[in-house]
Amino acid sequence: MLGPRALADDPLIRRVGAPQDLETPLSYFDRLITPTEAFFVRSHFGPPSLDRSRELVVDGLVKKTMSMTTDDLKEHFKETSITCVLQCAGNGRSLHAPRVPGVQWGNGAMGQATFTGVRLKDILETAGLAPEGAHVRLAGADAPPKPTVPPFVRSISLARALDPTTLVAYAMNGQPLTHAHGAPMRLVVPGWAGDHWMKWLVHVSVQKSEMDGFWMQTAYKFPTEPVEPGAAVPPEKMKSVTTLPVKSIIARPTDGGTAAPGNQEVAGCAFSGEAAIDKVEISIDGGTTWTKATLDGEPGPGKWQIFRHRFTHDAGKVTAMARATDRKGNVQPKTPAWNPSGYFWNAWHAVTWDIK
Ligand SMILES: Nc1nc2c(c(=O)[nH]1)N[C@H]1C(S)=C(S)[C@@H](COP(=O)(O)O)O[C@H]1N2
Ligand SMILES: [Mo]
């Protein structure tokens, strides 16, 4: 049998023992669009069979049940595109101390892409909403490896489902969705963590209440108030992870790398699910003084912009740190909020390189 190395025809980092969890190398985070072949992949169970004619069923508290292929969506609804960040809630988990169980992601479980599809709002309004509907249940075609593992089913509030940015997407970066990223249709929930972005979407059902079960009531929860690192948190003091906190990541230079004396450039990406980025600052003196970086790209909540900062430096080791602030005044923290599942790591990112 071929090992993962022999099969690899893309630049993604393979996490040992978890073949469906592929991480994007940091060097890709110096550009506005992450190419699809380098875009991280997260799948709990692995993909279902590839079926581009698979239908999406809309039912529950709606006036008429509907069933649609991608072609039906294209024929009956207005097409729309959005460029936004997809980030796994667990991105950066391996950096939390004390360590927490789960996929030990570095900083590469994120990317920015242009997603194209139709508004979930338009589909739900065509189906006709009954007044009691308050949540939307989402299911994919992938199945758990054994019957004791609950299927990956989640729900989002009806308000979020009706947000005009929430899409049922069938294309990514101008091409039909790939199998790994949820073909033929997936949900896109700009500004919210990846667990809401249901792949291989086959079922959207309007319900009165939030989904019961492991994936909605136990997994993807974050403490309602700050907790001591390592603390056990009772379920009533946890809420679902939703909006991505403000964050920046340095793509260049590479941590541990070398550069010639003279001109140096620090570049990376910054985003917040709450609001557009206001500024990214760089410190090369351990956080005593900060200098504003320049920003490229379209500002907006859930969108990343590229920052760049140039300076000159003589021979020696230098450490650069990045700190982003969004337009609601949220500032990337020095120490991120520890939590039992290791979500939303967003500490100031630092890289050290040797100038010689
Ligand atoms: N059906 C289905 N959808 C899913 C998942 C899954 O396991 N099954 N994983 C979710 C999680 S946790 C994340 S972070 C994103 C990852 O999307 P990507 O693989 O396209 O990067 O998909 C989400 N949608
Ligand atoms: Mo995730």
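Each ligand, and each atom within it, is numbered from 1 in the order the structure gives.
His309 and Phe311 have parallel rings, their planes meeting at less than 30° on a 0 to 90° scale where 60° marks the start of perpendicular. Between Tyr343 and Tyr220, the two ring planes are parallel [angle under 30°; tilted spans 30° to 60°].
Residues Lys199 and Asp142 are not paired through a salt bridge, judged by the lack of any N-O separation under 4.0 Å between the basic side chain and the carboxylate. Ionic pairing of Asp195 and Arg154 is present here: one or more N-O contacts between side-chain nitrogen and carboxylate oxygen are shorter than 4.0 angstrom. Salt-bridge annotation for Glu281 and Lys292: absent, with no side-chain N of the basic residue lying under 4.0 Å from a carboxylate O of the acidic one.
Of all atoms in ligand 1, numbered sequentially from 1 with element shown, those under 4.0 Å from a heavy atom of Met198 are 1 (N), 2 (C), 3 (N), 24 (N). Using a 4.0 Å cut-off to heavy atoms of Cys88, the atoms of ligand 1 that qualify are 14 (S). Each of the following atoms of ligand 1 lies closer than 4.0 Å to a heavy atom of His181: 18 (P), 19 (O), 20 (O), 21 (O).
Look at Trp105 and you'll find every heavy atom at least 4.0 Å from all atoms of ligand 1. Ser43 counts as a contact of ligand 1, since one of its heavy atoms falls under 4.0 Å from the ligand. Residue contact check for ligand 1: Arg186 places a non-hydrogen atom closer than 4.0 Å to it.
When side chains are defined from C-beta on, Thr319 does not count as touching Val351, because their heavy atoms never get closer than 4.5 Å.
Ligand 1 has no N or O atom lying under 3.5 Å from any N or O atom of Trp200, backbone or side chain. The shortest N or O to N or O distance between Val41 and ligand 1 is not under 3.5 Å. Looking at Trp197 next to ligand 1, an N or O pair under 3.5 Å apart turns up. For a threshold of 3.5 Å applied to N or O pairs, the pair formed by Tyr220 and ligand 1 contains no separation below that value.
A continuous path of hydrophobic side-chain contacts links Ile306 to Met110 [ILVMFWY only; heavy atoms under 4.5 Å]. Under the 4.5 Å side-chain heavy-atom criterion for ILVMFWY residues, no single connected hydrophobic cluster contains both Val202 and Val58.
In this structure, Lys208 places its NZ atom where only 12 or fewer heavy-atom neighbours from other residues, nucleotides or ligands lie under 6.0 Å away.
Protein heavy atom at the shortest distance from atom 2 (C) of ligand 1 is Asp142 OD2, 3.4 Å. In terms of protein heavy-atom proximity, atom 3 (N) of ligand 1 is nearest to Lys199 N, 2.9 Å. Protein heavy atom at the shortest distance from atom 10 (C) of ligand 1 is Gly194 O, 3.8 Å. Here the protein heavy atom with the shortest distance to atom 7 (O) of ligand 1 is His44 ND1, 2.7 Å. With respect to atom 21 (O) of ligand 1, the closest heavy atom belonging to the protein is Phe40 O, 2.8 Å.
Across Gly111 and Thr34, no two heavy atoms sit closer than the pair CA-OG1, 3.4 Å.
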ask   = Please walk me through it: do Lys121 and Asp163 pass salt bridge (Lys or Arg N to Asp or Glu O under 4.0 Å)?
value = CA-CA 7 Å; Lys121 178 180 193 278; Asp163 184 298; over 6 Å; no
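Within the 4.0 Å heavy-atom criterion, the part of Phe152 lying near ligand 1 is the side chain and not the backbone. When heavy-atom distances to ligand 1 are checked against a 4.0 Å cut-off, Leu86 comes that close only through its side chain, counted from C-beta outward.
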